[in-house]
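A quick write-up on the structure given underneath.
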Amino acid sequence: MIKKDLEVLVSLQDIDLMIEETSEVEKLGFSVSGYTELRKAREELAATLSKPMLFRYERLRAKLKRAIVPVKNDICLGCFLRQPTSLGIKGREDEEIFTCENCGRMLYWLD
Amino acid sequence: MNQSELSRYFSEHLFIPQLKAKNKEQAISELLDLFVKEKYIRNREIVLEMLHQREKLGSTGIGKGVAIPHGRTTAASHVLIAFGKSDAGINFDAIDGKPVHLFFMVIAPPNDEGNTYLPILGALVTLLNEKNNRDMLAKVKSFAEFLPIITGE
C-alpha cells in the first residue's frame with residue numbers, strides 16, 4: 001500500500017518539523033514537557049515504513065531539509081517549479097510516490 | 001511581526017464567535033473543520049493527527065483562558081489562523097489548569113514564504129499576554145468587532 005506509505009511519510013515529516021522547532025516554541029512560552037513521548041511516537045511511526053522507504057525519506061531530509069513537499073496548482077512548493085499536468089493526474093490517483101524532477105523531493109498533492 | 005501584519009492571516013471564514021465544542025477534542029475538530037470547509041485542507045485526518053501529536057508534546061493551552069493549537073503540516077500550502085471563542089470555557093489541559101475561552105488555531109506548511117510561522121506564534125502570544133486584549137476578545141460577537149482588536153486600532 002504505497003499510498004498509505006505517503007500518508008505515513010507526511011505524518012512522520014509533520015512530527016519531525018515539530019521536533020525541529022521544539023526549542024523555538026518553548027521560548028515562546030509553550031509547554032514541551034512531552035518531548036520524550038513525541039520522540040517515541042515518531043520512532044513508532046517510522047517503524048511502520050519499510051527500511052528502503054524510511055532510508056529514502058531520511059536521505060532526502062538530510063540533503064534537502066524537507067523530504068516531502070505540497071503541490072498546489074501544479075507547483076512544487078519545495079522549488080516552485082511547475083509540474084507536468086499529467087503527473088498531477090497520476091499523483092492524485094496512483095499509488096506510486098512521485099518526485100519533483102527538479103528538486104527530487106517527494107510530492108504530495110493538495111488539490 | 002506587528003499586529004497589522006498579524007491581522008492578514010485571519011479571515012471571516014475562519015471565525016467562530018461561539019464554539020459548540022464541550023471538550024478539547026471537539027474544540028480542535030470544530031476549528032479544523034473550518035479549514036476543511038473552506039478547502040484550505042484536503043486531508044483532514046492527517047492534520048488532525050498532527051494536532052494530536054502537538055498536544056502530546058505539551059498542551060497548547062498557554063494559560064489565562066487562551067489556547068493556540070498549532071503546527072506545520074505537509075498538508076497545507078500557506079499559513080492561516082482560525083479563531084474560536086467559548087463563553088462557557090473548555091477544559092484544554094491548560095498549563096494553569098483553567099478553562100480556555102479563546103482559541104487560535106495556526107496551521108502552517110512545511111516551509112512558508114518569509115518564515116512567518118514562528119513570528120506569528122510570537123505575535124499571538126504577545127497580544128494575548130495583555131489582559132485588556134483578552135478581555136476585549138472575550139466579548140466579540142462578530143469578525144468586524146474582532147479584527148480591530150488584532151490590528152490594535
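Below, read A as the first sequence line, B as the second, and so on, with proteins coming before strands; counting in each chain starts at 1. The figures that follow rest on heavy atoms only: side chains count, while hydrogens, waters and symmetry mates do not.
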Quick one: are A:Tyr108 and B:Arg42 in side-chain contact, heavy atoms under 4.5 Å?
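The answer is yes, as the side chains (C-beta and beyond) meet within the 4.5 Å cut-off.
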If you define the side chain from C-beta out and look only at heavy atoms, does anything of A:Val10 sit under 4.5 Å from B:Met50?
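No, their side chains stay 4.5 Å or more apart.
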Heavy-atom closest pair, residues A:Pro70 and B:Ala76
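In this case the closest contact between A:Pro70 and B:Ala76 is CG-O, 3.5 Å.
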Minimal non-hydrogen separation, A:Phe30 against B:Val125, with atom names
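That closest heavy-atom pairing would be CE1-CG2, 3.9 Å.
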I need the residue from B:Ala75, B:Pro110, B:Gly58, B:Gly61 with the largest number of non-hydrogen atom pairs under 4.5 Å to chain A.
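Going by pairs under 4.5 Å, I would pick B:Pro110.
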Using a cut-off of under 4.5 Å on heavy-atom pairs, state which of B:Ile68, B:Asn129, B:Ile41 scores highest against chain A.
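Ranked by heavy-atom pairs under 4.5 Å with chain A, first place is B:Ile68.
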Distance (rounded to the nearest 0.5 Å) between [X] [atom1] and [Y] [atom2]:
X	Y	atom1	atom2	value
A:Ile15	B:Gln53	CD1	CD	4.0 Å
A:Glu7	B:Asn43	CD	CG	5.5 Å
A:Ser11	B:Glu45	OG	CD	10.0 Å
B:Tyr40	A:Leu110	OH	CG	14.0 Å
A:Ser31	B:Glu55	OG	CD	9.5 Å
A:Asp14	B:Thr74	CG	OG1	4.5 Å

Hey, quick one: are [X] and [Y] part of the same hydrophobic cluster, counting side-chain heavy atoms closer than 4.5 Å, chains of contacts allowed?
X	Y	value
A:Val69	B:Val47	no
A:Leu107	A:Ile97	no
B:Phe10	B:Tyr117	yes
B:Leu128	B:Met136	yes
B:Leu102	B:Ile28	yes

Most chain B-contacting option - heavy-atom pairs closer than 4.5 Å, from A:Lys65, A:Lys27, A:Gln13:
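Of the candidates given, the most pairs with chain B belong to A:Gln13.
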Let me know if A:Leu77 has heavy atoms under 4.5 Å from chain B in its side chain, its backbone, both or neither.
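For A:Leu77, backbone and side chain are both near chain B.
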Quick check on A:Ile68 against chain B: is it the side chain, the backbone, both or neither that has a heavy atom closer than 4.5 Å?
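Looking at A:Ile68, backbone and side chain both touch chain B.
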Identify which part of [X] has an atom lying under 4.5 Å from any heavy atom of chain A, answering side chain, backbone, both or neither.
X	result
B:Ser77	both
B:Leu121	both
B:Leu57	both

Flag if over 12 foreign heavy atoms under 6.0 Å of [atom1], [X]:
X	atom1	value
B:His13	NE2	no
A:Phe55	CZ	no
A:Lys72	NZ	yes

Can A:Glu20 and B:Arg72 be counted as an ion pair, charged N to O under 4.0 angstrom?
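Salt bridge flag = no for B:Arg72 with A:Glu20.
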Under 3.5 Å, side chain of B:Arg54 to main-chain N/O of A:Met18, donor-acceptor pair present?
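Here the side-chain-to-backbone pair does not exist.
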Spell out, as yes or no, whether a donor-acceptor pair under 3.5 Å connects the side chain of B:Asn111 to the backbone of A:Arg66.
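Not a single qualifying donor-acceptor pair exists.
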